[in-house]
*Asks:* 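Below is the structure I would like to discuss, written out as structure tokens.
Whatever order the structure lists them in is the order used to number ligands and atoms, beginning at 1. Computed from a predicted model, the values in this text were never measured in an experiment.
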Amino acid sequence: MRILLLAVILNWNLLSICGDEENKDWWQTTVFYQIYPRSFQDSNGDGIGDLKGITSRLDHLKEAGVGATWLSPIFKSPMVDFGYDISDYLSIQEEYGTMEDFDELIAKAKELGIKIILDFVPNHSSDKHEWFIKSEAKDPEYIDFYIWHDGKPNPDGGRNLEPNNWVSVFYGSAWTWSDKRQQYYLHQFTKQQPDLNYRNPKVVERMSDVLRFWLKKGVYGFRVDAINHLFEVEDFIDEPVNAFDPDPKSYGHLFHYYTVDLNEVYDVVYQWRDLLDDFKKTHGGETRIMMTEAYANMSFVMRYYENDEGTRKGSHIPFNFLMISDLNGDSTARDFAHTISKWMNYMPVGFTANWVMGNHDNSRVASRYGVERIDALNTMLLTLGGVGITYNGEEFGMVDYKNISWKDTQDPAACNTNPDVYQKYSRDPERTPFQWDNTKNAGFSTADKTWLPVNPNYVDLNLKAEKEAEHSHFKFYQKLTKLRQHKTFQNGNIKVQALSKYVFAFVRELRDSDTFVVVINLGANAEEVSLKPFKTLHDKLKVVAAAPTSQYHEGDEVSTDDLKIGQYDSIILTDVNHINNFASKCCGCNMLLISSMLLAWMLALNNF
Ligand code: NOJ
């Protein structure tokens, strides 16, 4: 009996030595794809994308190797901020379709094995939401649903002055006077997006109900909008002025110490995480996840993962915006190496990294970094490890359409300014319709006018053309999404190193598994580099994938010591002398074998 016990213990220990490589949850290794519904696919010819359109195009996600998609808001909305101003959290915007269309979308996604994530916008509703209308009318149930303030006494008499100097993210004062209620209300975004009051527990509860409603409909989680704006200080003091931005209406004019990143934000996030976990416990099924949007410094961002004591969990995926905020087309190899390490170093132990390359609020990757670096950025996104997040169109290199006139401009962040400066603020260039093919409106819509103009470059730059080409950004993207399914990419650790001003590399290693090296040249010149700084590599490496313009092809052998890498090239190499052994192919079998041998040996010794 004692011997049997010993064998079981040995077996158990060996299992844990082998690591957690088979135990990743679905979301930890998935590629997430952001769909901007208004611009993805129009099914009824009104020039606006819709749910049926998305359903009809889900195959594309499957083909790209994507496992989940988060949809920008699809709920009832006056569309002042294109869905981020919600007037009913529980119904679908008419121009996007019906609840039946949504159910069909869920069903088709399920069939294809794609998980649907919805955008959850808790900080503010639309001013047309019933809650706001009732709050403005001082209905006792809703009186404190929003942030109301009398304002400051006006020394010249007349209506009170605004409570303080706070400005909206979208330019101008963050306060608007309500004639009806004779008070100011706060809005951190447009004046049609009043901020909800999260110090009112009824608000938290109502929003939790919203989450439960959509979970029951079959979604796998939420991307949580503008989460760090949820609370403001209760004494409403002025924010300090940043002299570098002299325009008092600009968001950059103030240091936002009192309107973002307040401690109370995290408590709400942890509560919602509990809600998601409880839902799984009660209803079964796979993990429901939360991805949080907060443009904030690293310490603040990391607290979304868990609290300082490590006793409460929060967001599964606190968006990593470093590739958007800290790097651009001028960044060097060292900048990249440093930025990648920065996230890895800050992240608490045991959590999952994520890499966001673009979204509907920021210039597209190809425009930020230069079209020649599209493949380099997609390579990083898909091989650095953890979650990769792609904004629709960036899998095949769509670029911003910058020539949108003032007349055609839709984005409130731009419309709130003036014809001289609007382009600096506009997010329309990255929101233009998806370029499927070279037919009318790039295959997006049959309408004569689309809600935003289609980028005329669609004639040459479109998904169909890239699918038909022998080598293309999209084909390379597909190759990478396949490659990242390798257990080394899913579980291995990472070492990153700048090798010259513009060339850097990272090694992905996992015990008893293949080793991979990703080499990226950000520069316009071909170079020769040595991979010797990575001490574990052998002399010869084999190419497993190369960017479409690379001189290399799959199977080519290269030397670790003097590797030639072309301009803007990205290649993925594997160490030919370090290949799978028995243990890596069947870790469990190997352990079983060892423990059975031990058992047999002990039995023999004991002369059973
Ligand atoms: C962040 C969203 O991504 C952006 O599009 C929106 O305008 C603001 N939050 C306000 O909801």
*Asks:* Applying side-chain contact (heavy atoms from CB on, under 4.5 Å), name anything that partners Thr259, two or more places apart in sequence or on another chain.
*Replies:*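 With neighbours one apart ignored, the set is Trp166, Gln188, Glu232, Glu239, His256.
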*Asks:* Is there a donor in the side chain of Trp451 and an acceptor in the side chain of Ser39, or the other way round, less than 3.5 Å apart?
*Replies:* yes
*Asks:* Identify, with sequence neighbours excluded, every residue that meets side-chain contact (heavy atoms from CB on, under 4.5 Å) alongside Lys449.
*Replies:*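 Partners of Lys449 by the side-chain contact (heavy atoms from CB on, under 4.5 Å) criterion, ordered by chain and then number, come out as Asp408.
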*Asks:* Under the side-chain hydrogen bond (donor to acceptor under 3.5 Å, both in side chains) rule, what pairs show up with a residue in residues 375-388, not counting sequence neighbours?
*Replies:*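 For residues 375-388: Asp375-His473.
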*Asks:* With a 4.0 angstrom cut-off on heavy atoms, strictly below it, pick out the residues next to ligand 1 and order them by chain and number.
*Replies:* Asp81, Tyr84, His124, Phe170, Phe189, Arg223, Asp225, Glu293, His360, Asp361, Arg427, Arg431
*Asks:* Check Asp209 with Arg212, please: is the shortest side-chain N to carboxylate O separation under 4.0 Å?
*Replies:*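 Looking at Arg212 and Asp209, the cut-off is met.
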*Asks:* Which of parallel (below 30°), tilted (30 to 60°) and perpendicular (above 60°) describes His229 and Tyr251?
*Replies:* tilted
